[in-house]
Amino acid sequence: GVGSGTLGVSRAYTAEVTAQRARTTYLAWLSAVQYLGFSVTPLFGSIATLFFEDGSKVVDKSYFLLNEFTAPGYFLSILSAFTIGLLMTYFKDRRRSKPNSNRPKSKKRAGIEHVAASKTSLGISTHTACIL
């Protein structure tokens, strides 16, 4: 779904804005929180099932049905919309400063960049092929 599509994006952003020495710690916390969300979210579905179980609180309009089966989906849709609204309102993108380009590169870094920039048999760089 939309929520699980953010896993890679949030990890890439965290890796981009954190220093290398702290990256493992931040990525571990991020993964822990994400998987905690995956494991706790079904609890909301169980609560909705219990709340609507007797059938007295069911809302049935011609275009809208709220019962024990649809309530978790509506709840998570509203929660996702709320989260997207918070992100659009308060999130400020932050980039690490670029390293000084005047400093010479190490042999290891130069070798990595050479391999990444080399062309494959398809005519695209190795870096682009890995992304695809």
Side-chain angles (χ1 to χ4, degrees):
V2 174
S4 61
T6 62
L7 288 173
V9 174
S10 59
R11 288 179 186 157
Y13 178 77
T14 302
E16 175 67 29
V17 298
T18 57
Q20 190 171 1
R21 66 184 174 279
R23 192 168 296 153
T24 304
T25 304
Y26 283 105
L27 287 173
W29 276 106
L30 178 65
S31 294
V33 169
Q34 287 172 334
Y35 288 108
L36 178 69
F38 286 145
S39 60
V40 171
T41 304
L43 179 67
F44 296 126
S46 300
I47 292 170
T49 299
L50 289 174
F51 184 76
F52 289 101
E53 188 174 39
D54 63 357
S56 64
K57 299 174 184 79
V58 172
V59 177
D60 188 7
K61 302 289 182 187
S62 63
Y63 57 91
F64 181 77
L65 176 64
L66 182 63
N67 61 19
E68 67 215 64
F69 304 111
T70 60
Y74 285 127
F75 173 75
L76 291 176
S77 296
I78 291 168
L79 184 63
S80 293
F82 177 72
T83 304
I84 289 170
L86 283 176
L87 282 172
M88 291 175 67
T89 305
Y90 295 108
F91 180 75
K92 304 289 185 225
D93 191 15
R94 195 177 88 185
R95 302 256 181 213
R96 278 189 301 180
S97 60
K98 298 286 182 188
N100 187 356
S101 60
N102 297 334
R103 195 172 74 193
K105 295 178 183 172
S106 68
K107 289 181 182 180
K108 181 179 179 181
R109 171 54 52 191
I112 291 170
E113 289 182 6
H114 173 71
V115 170
S118 64
K119 299 290 182 184
T120 63
S121 60
L122 299 174
I124 58 175
S125 70
T126 306
H127 178 263
T128 305
C130 289
I131 291 173
L132 294 175

key: Closest contact, heavy atoms only, Y74 versus L66   = CD1-CD1, 3.6 Å
request  = Taking T70 for its side chain and N67 for its backbone only, find out whether a donor-acceptor pair lies under 3.5 Å.
outcome  = yes
query = If you draw a 6.0 Å radius around CZ in F64, do more than 12 non-hydrogen atoms from other residues or ligands fall strictly inside?
reply = yes
task = Please check if V59 and F52 belong to a single hydrophobic cluster, counting links between Ile, Leu, Val, Met, Phe, Trp and Tyr side chain heavy atoms closer than 4.5 Å.
result = yes
query = Can you name the closest pair of heavy atoms from R23 and T18 and give their distance?
reply = NH2-O, 3.1 Å
query = Run the ring-ring contact (aromatic ring centres under 6.0 Å, His included) check on F51 and F75 step by step: do they pass?
reply = CA-CA 13 Å; F51 184 76; F75 173 75; over 10 Å; no
inquiry  = Can you tell me how far apart CG (L30) and OG1 (T25) are? Round to the nearest 0.5 Å.
reply    = 12.5 Å
request  = Say whether L87 and Y13 are linked into one hydrophobic cluster, either directly or through other cluster members, by side-chain heavy-atom distances under 4.5 angstrom.
outcome  = yes
inquiry  = Grouping I, L, V, M, F, W and Y whenever their side-chain heavy atoms are under 4.5 Å apart, do V17 and V9 come out in a common cluster?
reply    = no
query = When you look at CZ of F91, are more than 12 heavy atoms from neighbouring residues, nucleotides or ligands closer to it than 6.0 Å?
reply = yes
ask   = In Å and rounded to the nearest 0.5 Å, what is the CD1 to OG1 distance from I84 to T89?
value = 11.5 Å
